[in-house]
Amino acid sequence: MSTLQAIDEIKEQLQAFSVSSYIYQSSVASAFDLHPTDMLAIHCLSQNKEMTAGQLADALNLTSGATTAAIDRLIEREFVKRYSRPGDR
């Protein structure tokens, strides 16, 4: 196999892995009646313990509105708690 063929094969395998990973994540989220974004937020928060909404938005590449919606869903389901800090708005 030539180097170019190997590169093409690697690209194909990475694409297949990416699709399989997304399908798996969606299946796990569905099993817990979660939106896939909510599951990613739970994972991100579990790795970072405390994050501001802005930090979570940046980590998940979401708008502030989408992040607020995800946080609200997770609070409603009691997966996370929101804390305010003195001086925050």
Side-chain angles (χ1 to χ4, degrees):
M1 176 181 298
S2 73
T3 301
L4 290 177
Q5 289 172 321
I7 291 171
D8 286 341
E9 179 65 21
I10 290 168
K11 287 179 184 178
E12 286 179 28
Q13 292 298 320
L14 287 172
Q15 179 66 28
F17 172 76
S18 179
V19 170
S20 295
S21 177
Y22 178 79
I23 291 169
Y24 176 74
Q25 290 172 7
S26 295
S27 296
V28 171
S30 179
F32 289 94
D33 195 29
L34 291 169
H35 188 281
T37 300
D38 300 349
M39 192 181 77
L40 292 174
I42 290 169
H43 174 73
C44 189
L45 291 165
S46 73
Q47 299 298 306
N48 294 286
K49 303 301 177 201
E50 285 187 18
M51 297 180 81
T52 66
Q55 290 169 329
L56 184 60
D58 289 344
L60 298 176
N61 197 28
L62 296 175
T63 65
S64 60
T67 303
T68 298
I71 291 169
D72 289 345
R73 288 190 301 265
L74 293 174
I75 289 170
E76 183 178 323
R77 298 277 310 274
E78 299 182 353
F79 281 99
V80 299
K81 291 183 180 182
R82 178 181 282 148
Y83 297 96
S84 60
R85 291 186 174 152
D88 282 353
R89 41 181 190 126

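Hydrogens, waters and symmetry mates play no part in the numbers below; they use all other heavy atoms, side chains included.
Gln5 and Glu9 form no side-chain donor-acceptor contact under 3.5 Å, judged by distance and modelled atom types alone.
Residue Glu76 holds its CD atom at 10.0 Å from CG of Leu74, rounded to the nearest 0.5 Å. Between the CG atom in Asp38 and the CZ atom in Phe79 there is a gap of 8.5 Å [rounded to 0.5 Å]. With rounding to the nearest 0.5 Å, the separation of CG in Leu40 from CG in Leu60 is 6.5 Å. With rounding to the nearest 0.5 angstrom, the SG atom of Cys44 is 12.5 Å from the CE atom of Met39. Note that CG of Asp8 is 8.0 Å distant from OG of Ser2, once rounded to the nearest 0.5 Å. Here the CD atom belonging to Gln55 is positioned 10.0 Å from the CG atom belonging to Leu45, to the nearest 0.5 angstrom.
Arg77 and Asp33 get closest at one heavy-atom pair: NH1-O, 2.7 Å. In plain terms, the two heavy atoms of Ala53 and Thr67 that are nearest each other are O-CG2, 3.5 Å. For the pair Met1 and Ala6, the tightest heavy-atom approach, listed with the atom from each and the gap, is SD-CA, 3.5 Å.
With sequence neighbours left out, the side chain to side chain donor-acceptor pair (under 3.5 Å) criterion links Ser27 to no other residue. Applying the side chain to side chain donor-acceptor pair (under 3.5 Å) rule to Asp72 yields the partners Arg82; only residues at least two apart in sequence or on another chain are considered.
In this structure, the side chain of Ser26 engages the main chain of Tyr22 through a donor-acceptor pair within 3.5 Å.
Between Lys11 and Gln15, every side-chain heavy-atom pair lies at or beyond the 4.5 Å cut-off.
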